[in-house]
Amino acid sequence: MHIHARGLLYFDAIRRNGSIRGAARQLFIDASAVNRQLLQLEQELGFALFERLSSGLQLTPAGELFARHATHVLQDEQWLQDELDMLRGLQRGKVHVVSVESLHSALLPEVIGSMLARHPGVSLHVTSASSGNIAEYVTNGRADVGMAFDMPQHEDLEHAASGVFRLGALLTAGHPLARKRSVTLAQCTPWPFILGTEDLASYALIHGELSALHEPPKTVVRATSVELMKQLASAGHGIAFQTRLGLETSTSAATPCAQFVPLVSAQGTPIMGTLGIHVRSGRSLPPATAAFIDCASQVILRLAMQDARPPRR
């Protein structure tokens, strides 16, 4: 159902693809027809919407403003279509989800399984991105829902649900620190560190503690992959710092699962990460998106309650 002006749809396709030819392929029409619509739209508005560069098309300041308008209008169209489907007694829809990689091995499979069981007519599109990029996915309409740890405040994002999880040191079962009830970063410094890059929430949560150490730790690996860091810690190559989510299911059968020891600050307070579900501010959520958020929030709440229990020793 496309009830809005053709120029709006063509503009959005050009913005997403970065070229008129790419938009034409997506829309299954001739590139000259897309170009005519763009020129007509720019003439009506009195502004150029794209800069024509050798590397492709780039939004002008006017194009940035129009892109925000187009995103709101087209997302509202999806909401209207889903609402009309509900009136017809249909149970269908599409939800685009973007999340940090660490959720793909433990939390999202359960959420998706619950969603498909309750709403078999809904299709899901799942993308992985770093915490720093998820806001852009949601605000520009590339995703309906964003899931990440400790995302910075953003005026165009609304917090839909959350759960709090402990950050811990991941190390082998026979490690000298493995039997402790909690550890500080200072206690971990005799061993190599496996750290995430600056755009990962796990690194941001311990950055202040790292800066306060008297001697910098020996960092043997910096990685963007949460799974890689878990595998390396499980194999005994150093200590990684992450939440418990996915720890039991993510390592291979040939590699023992890492031991999780809660991490505390130098003052003894637990270091916690907040897993949030985010949507675009002010958006009327389609029923399919609202149903996904409901499924996800239930799983997050249950896992957060499990994580809060004292570790077994």
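Side chain of Arg222 to backbone of Gly196: a donor-acceptor contact under 3.5 angstrom is found. No donor-acceptor pair under 3.5 Å is formed between the side chain of Thr243 and the backbone N or O of Leu167. Of the possible donor and acceptor atoms, one in the side chain of Asn17 sits under 3.5 Å from a partner among the backbone N and O of Ala13. Remark: the backbone N or O of Ser281 is not paired with any side-chain donor or acceptor of Asp156 at under 3.5 angstrom. Counting only distance, with no hydrogens or angles, the side chain of Ser114 and the backbone of Val111 share no donor-acceptor pair below 3.5 Å. Ser211 contributes a side-chain N or O that, together with a main-chain N or O of His207, makes up a donor-acceptor pair within less than 3.5 Å. Distance alone, capped at 3.5 Å, is enough to place a donor-acceptor pair between the Ser234 side chain and the Lys230 backbone. For Ser202 (side chain) and Gln242 (main-chain N/O), no donor-acceptor pair under 3.5 Å exists by modelled atom type.
Between Ser297 and Ala161, the closest heavy-atom pair is CB-CB, 3.7 Å. Across all their heavy atoms, Gly273 and Phe149 have their closest contact at C-CD2, 4.0 Å. Between Ala186 and Pro190 the shortest heavy-atom distance is O-CD, 4.0 Å. Contact detail for Ile194 and Met229: the closest heavy-atom pair is CG2-CG, 3.6 Å. The two residues Met115 and Ala288 have their closest heavy-atom pair at CE-O, 3.4 Å. In terms of heavy-atom proximity, Thr139 sits nearest to Thr71 at O-CG2, 3.9 Å.
Around CZ of Arg21, the count of heavy atoms belonging to other residues, nucleotides or ligands within 6.0 Å does not exceed 12.
Annotation: cation-pi geometry not satisfied between Arg36 and Tyr10 (NZ/CZ under 6.0 angstrom from ring centroid, within 45° of ring axis).
Pairs of residues two or more places apart, or lying in two chains, that qualify as side chain to side chain donor-acceptor pair (under 3.5 Å) and include a residue from residues 37-46 are Gln40-Glu44, Glu42-Arg52.
For His154, there are no ring pair (Phe, Tyr, Trp, His ring centres under 6.0 Å) partners at least two apart in sequence or on another chain. With sequence neighbours left out, Tyr137 forms a ring pair (Phe, Tyr, Trp, His ring centres under 6.0 Å) with no residue at all.
With values rounded to the nearest 0.5 angstrom, Glu198 atom CD is found 9.0 Å from Leu200 atom CG. To the nearest 0.5 angstrom, Leu228 atom CG is 8.5 Å from Glu101 atom CD. Considering CE of Met147 and CD1 of Ile277, their distance stands at 4.5 Å, rounded to 0.5 Å. Between atom CG of residue Asn140 and atom CZ of residue Arg16 there is a gap of 7.0 Å, rounded to the nearest 0.5 Å. Here the CD-OG1 distance, from Gln267 to Thr184, works out to 10.5 Å after rounding to the nearest 0.5 Å. Annotation: the span from Ile239 atom CD1 to Leu185 atom CG amounts to 9.5 Å, rounded to 0.5 Å.
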List the atom pairs, with distances to 0.1 Å, where a side-chain N or O of residues 127-134 and a protein N or O form a donor-acceptor pair under 3.5 Å, not counting sequence neighbours.
from, atom 1, to, atom 2, distance (Å)
Ser130, OG, Asn133, ND2, 3.2

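Thr189 has its side chain within reach of Leu213: a pair of non-hydrogen atoms, C-beta onward, lies under 4.5 Å apart. Val220 has its side chain out of reach of His237: every pair of non-hydrogen atoms, C-beta onward, lies at least 4.5 Å apart. Using a 4.5 Å heavy-atom threshold, the side chains of Val279 and Ile293 count as touching. At a threshold of 4.5 Å between non-hydrogen side-chain atoms, the residues Leu195 and Leu210 count as touching. Within the 4.5 Å cutoff, the side chain of Arg15 has heavy atoms near those of the Leu59 side chain. A heavy-atom distance below 4.5 Å is found between the side chains of Leu107 and Leu275.
Leu65 shares a hydrophobic cluster with no other residue; no ILVMFWY side chain has heavy atoms under 4.5 Å from its own. Alongside Leu301, the hydrophobic cluster contains Met305 (criterion: ILVMFWY side chains under 4.5 Å).
Each of Leu263 and Val226 belongs to its own hydrophobic cluster when Ile, Leu, Val, Met, Phe, Trp and Tyr are linked at side-chain heavy-atom distances under 4.5 angstrom.
Ring pair His159/His278 is perpendicular by interplanar angle, where above 60° counts as perpendicular and below 30° as parallel.
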